There are 2 protein chains.
Amino acid sequence: MGRKRTKSGKIRLAEVAELAGVSPITASRFFRNPEALSVAKRTRVESAAKELGYVPNLAARALASQRTEVIGVLIPSLTNNVFSDVLRGIYDASEGSRYSIQLSNTRYSILQEEKLLRLFLAQKPAGLIVTGIDQTAESRAMLQAADCPIVQIMEIGPDPVDMMIGFSHYDAARAAVAHLFEQGHRKIGFVGARMDPRVQRRMDGYVSSMKDAALFDQRLVVTTATPTSVTLGGALFTDLLAREPDIDAVFCANDDLALGVLFECRRREIAVPGQIAIVGFNDLEFMASAVPTLTSVRTNRYEMGKTAATMLIEAIEGRRPEQPVLDLGFKVIERQSSSARRSDSRPAVSGAGAANKMIALPSSHD
Amino acid sequence: MGRKRTKSGKIRLAEVAELAGVSPITASRFFRNPEALSVAKRTRVESAAKELGYVPNLAARALASQRTEVIGVLIPSLTNNVFSDVLRGIYDASEGSRYSIQLSNTRYSILQEEKLLRLFLAQKPAGLIVTGIDQTAESRAMLQAADCPIVQIMEIGPDPVDMMIGFSHYDAARAAVAHLFEQGHRKIGFVGARMDPRVQRRMDGYVSSMKDAALFDQRLVVTTATPTSVTLGGALFTDLLAREPDIDAVFCANDDLALGVLFECRRREIAVPGQIAIVGFNDLEFMASAVPTLTSVRTNRYEMGKTAATMLIEAIEGRRPEQPVLDLGFKVIERQSSSARRSDSRPAVSGAGAANKMIALPSSHD
DNA sequence: AGGAACGTTGACAGCGCTACCAGCAACGAC
DNA sequence: GTCGTTGCTGGTAGCGCTGTCAACGTTCCT
């Protein structure tokens with residue numbers, strides 16, 4: 001049984017080299033740049049490594065080469081569905097590559113982010129993925145000074161540290177409100193939780209749209225710093241309704257809140273969209289399945305993570321993308337919950353997951 | 001500004017030692033076992049390190065000490081809410097400790113798990129957290145031979161490799177079905193997706209309960225290997241209904257499916273719980289907020305992750321828990337969706353559930 | 001033929017840290 | 001006073017790998 005664990009299971013590069021009849025350095029090169037070897041030695045080293053079951057010692061490699069093959073990822077939350085999709089993309093892209101992902105959770109604190117950044121940078125990561133564009137000055141300076149590629153994800157904005165991939169939350173919110181306007185809604189409330197920078201910008205988009213239409217009223221906005229949840233959606237909507245009982249639509253900063261609003265409407269026997277239209281944000285899977293189906297702004301989260309990691313790896317290996325800032329855009333997915341205003345209060349009946357009309361927009365930033 | 005980045009930001013232990021006026025090895029000891037130093041040297045090294053902004057080189061440490069401070073975590077999915085809760089617990093527990101988390105996704109494949117395990121073990125992790133009790137024989141042998149503490153999470157079963165923390169999915173399912181029996185339901189369907197080992201055991205629990213009551217019928221079971229989703233819940237329920245139109249309850253293998261079933265009922269104007277009762281599994285946050293509120297089996301996911309990581313770290317540091325197998329149990333949270341069967345089809349008004357307003361349950365639209 | 005250019009290989013010297021063991025002072029037991 | 005014991009400190013010798021540079025053989029050019 002304990003066959004290969006003779007001493008401590010250690011098969012070193014030297015052993016492989018010896019079996020292959022080459023010098024250790026040649027064997028080393030095989031693992032880093034096989035092209036540099038002659039075909040004969042390449043196959044010899046390869047079979048020797050396989051025979052011995054050689055696995056490189058990453059610590060030794062990192063020490064000798066002064067760099068690691070770790071990609072640091074800083075995200076603000078592990079709970080949020082949004083980030084789990086992004087993460088899945090990142091992990092998928094990193095799989096099969098030589099790089100491993102080191103994940104840390106900033107808990108929506110830019111101070112915590114700064115601390116983690118310092119920690120990460122000290123280990124000389126191969127690359128870094130950070131969330132958003134709102135870092136502390138100190139963090140920004142560290143990122144600026146870091147000698148590894150960096151991707152900022154989730155949104156785009158001015159002054160990328162390096163690469164950037166996301167979309168404009170501001171424009172996306174404006175598109176959502178525009179859709180509600182088109183459907184004849186005027187008194188549109190906003191419900192937001194957590195109020196991290198991206199939610200803030202969605203709110204800004206809402207506010208500016210409403211102001212443009214001379215429909216803005218501070219009383220239409222209900223927000224809280226509390227982390228989001230379905231239950232919270234109901235509670236915030238309740239507040240909104242207490243203040244402004246005659247609203248005809250609610251734009252929710254995310255889909256959990258939207259679902260909470262929907263349930264609250266059901267509880268109060270408010271017809272959706274007959275009396276109140278609902279629009280969410282992110283287009284999580286359940287939105288297409290709810291009754292009525294819920295309109296939302298689709299964001300390409302998985303793709304964002306995957307592309308970010310792919311771009312980063314490319315950049316690490318010296319192939320910088322020609323386009324360092326990538327706008328993945330968004331789409332307003334129109335569903336039953338926001339269909340045109342109607343006088344009768346019966347909700348529209350239609351097949352679940354009915355083909356969705358989509359408004360696709362690249363987020364134009366100026 | 002750029003003060004300490006003289007060469008390439010490298011402040012070595014030797015520099016710290018020099019400034020503190022001690023030998024490098026003494027400085028080294030300070031970071032690993034401060035108690036071993038005299039108070040005088042301790043403070044000297046401490047302030048020297050702080051002044052220079054010293055950050056240890058983990059690669060060098062790992063190489064010299066022949067072990068890493070990495071805790072490997074193998075989970076089957078990043079998408080599933082269930083695991084994000086567990087992960088959050090793990091990360092929370094690891095924070096503040098010296099250990100960092102290395103996460104890998106097995107995608108519900110035990111072969112992939114075996115591959116990842118081999119990779120992890122080669123790096124001599126400080127500890128390992130693996131999901132479930134269904135490893136390949138080869139994986140099990142590797143785990144058995146590994147010289148680091150290991151925790152199996154998510155469920156408990158016989159023959160722990162080392163430590164184990166979870167609950168019995170089989171018993172939890174039996175409790176859910178027992179609850180439905182108590183409420184007067186007899187023709188209870190089962191809806192399951194993905195059918196990973198834990199879902200399988202929930203199904204086994206359901207089947208055995210139904211057989212015990214002489215109520216089992218294969219036609220009451222609808223499952224698929226497809227990954228779970230809300231939409232899928234609706235689709236599976238549709239299948240079930242087509243087969244057995246007169247069921248009076250559905251036990252769903254998870255909450256997403258349950259929500260899908262609820263929406264499908266709404267679409268079909270089937271009263272819940274008047275005509276059909278629904279019970280989910282996991283008790284995700286939205287269950288308490290749905291209309292009607294949805295009964296579910298609460299599982300302590302966050303706690304599971306947190307406790308697993310805490311136990312693991314304790315074990316790594318030589319303090320093995322007296323109780324290596326920990327059953328965290330479960331709880332059937334009874335809500336409106338499964339309240340007692342009644343002859344009229346109007347659902348009950350009840351104060352049970354979490355968001356306890358007295359709310360009139362919706363009747364079907366008429 | 002001579003030499004430059006290229007492709008391939010190897011020797012050497014660490015990377016920054018810690019395991020191991022030796023040394024030294026202070027103290028108490030006999 | 002001698003010896004062991006304890007508590008603290010330091011020297012030495014690597015951990016396993018790769019960067020750098022030199023050396024070699026081969027090809028291709030003039």
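Nothing here was measured: the structure is a model prediction, and the numbers come from that model. In the text below, chain A, chain B and the rest are named by the order of the sequence lines, each starting its count at 1.
B/Thr26 and B/Ser23 form a side-chain donor-acceptor contact under 3.5 Å, judged by distance and modelled atom types alone.
A/Leu103 places none of its side-chain heavy atoms less than 4.5 Å from the side chain of B/Gln102. Considering only heavy atoms from C-beta on, B/Val70 stays 4.5 Å or farther from B/Tyr99 through its side chain.
Sequence order on DNA chain D of the closest nucleotides to B/Ser38 and B/Leu63 puts B/Ser38 first from the 5' end.
In the 5' to 3' direction, nucleotides of DNA chain C lying under 4.0 Å from heavy atoms of chain B begin and end at C/dG16 to C/dA19.
In this structure, B/Lys124 places its NZ atom 14 Å from C1' of D/dC17, rounding to the nearest Å. We find that CD of A/Gln66 is positioned 11 Å from P of D/dT20, with the value rounded to whole Å. Atom CG in A/Leu58 sits roughly 14 Å away from atom P in D/dG16 (whole-Å rounding). Following rounding to the nearest Å, A/Leu13 (CG) and D/dT18 (P) show an atom-to-atom distance of 6 Å. Atom CG of A/Asn57 is separated from atom P of D/dT18 by 9 Å (rounded to the nearest Å). Residue A/Arg98 contributes atom CZ, which lies 12 Å from atom C1' of D/dT18 at whole-angstrom precision.
Residues from residues 16-34 of chain B placing a heavy atom under 4.0 Å of any atom in DNA chain D, listed by number, are B/Val22, B/Ser23, B/Ile25, B/Thr26, B/Arg29.
When every heavy atom of B/Phe83 is checked against every heavy atom of B/Ser77, the shortest pair comes out as CB-O, 3.5 Å. Among all heavy-atom pairs drawn from B/Met311 and B/Leu326, the shortest one is SD-CD2, 4.2 Å. What you find for B/Gly132 and B/Arg198 is that their closest heavy atoms are CA-NH1, 3.6 Å. Nearest heavy-atom pair across B/Asp162 and B/Cys148 is OD2-O, 4.3 Å. The heavy-atom pair separating A/Arg320 from A/Pro149 by the smallest distance is NH1-CB, 4.4 Å. Taking all atoms of both residues into account, the shortest heavy-atom contact from A/Val130 to A/Gln135 is CG2-NE2, 3.8 Å.
Remark on the helix from C/dA1-D/dT30 to C/dC30-D/dG1: inter-end axis angle 40°, axes from five-pair C1' superpositions, rounded to 10°.
For A/Tyr54, a side-chain nitrogen or oxygen approaches OP1 or OP2 of D/dC17 to under 4.0 Å. OP1 and OP2 of D/dC15 both lie 4.0 Å or more from every side-chain N or O belonging to B/Ser65.
Contact annotation for B/Arg67: backbone-only contact, meaning every heavy-atom pair under 4.0 Å involves sugar-phosphate atoms and none involves a base.
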Item to complete: Could you go through the salt bridge (charged side-chain N to carboxylate O under 4.0 Å, His left out) check for B/Glu95 and A/Arg107 one step at a time?
Response: CA-CA 12 Å; B/Glu95 223 157 82; A/Arg107 298 157 186 275; 3.1 Å; yes
Practice prompt. Test side chain to side chain donor-acceptor pair (under 3.5 Å) on A/Arg42 and A/Ser38 and set out the steps.
Written response: CA-CA 6 Å; A/Arg42 203 184 306 172; A/Ser38 63; over 6 Å; no
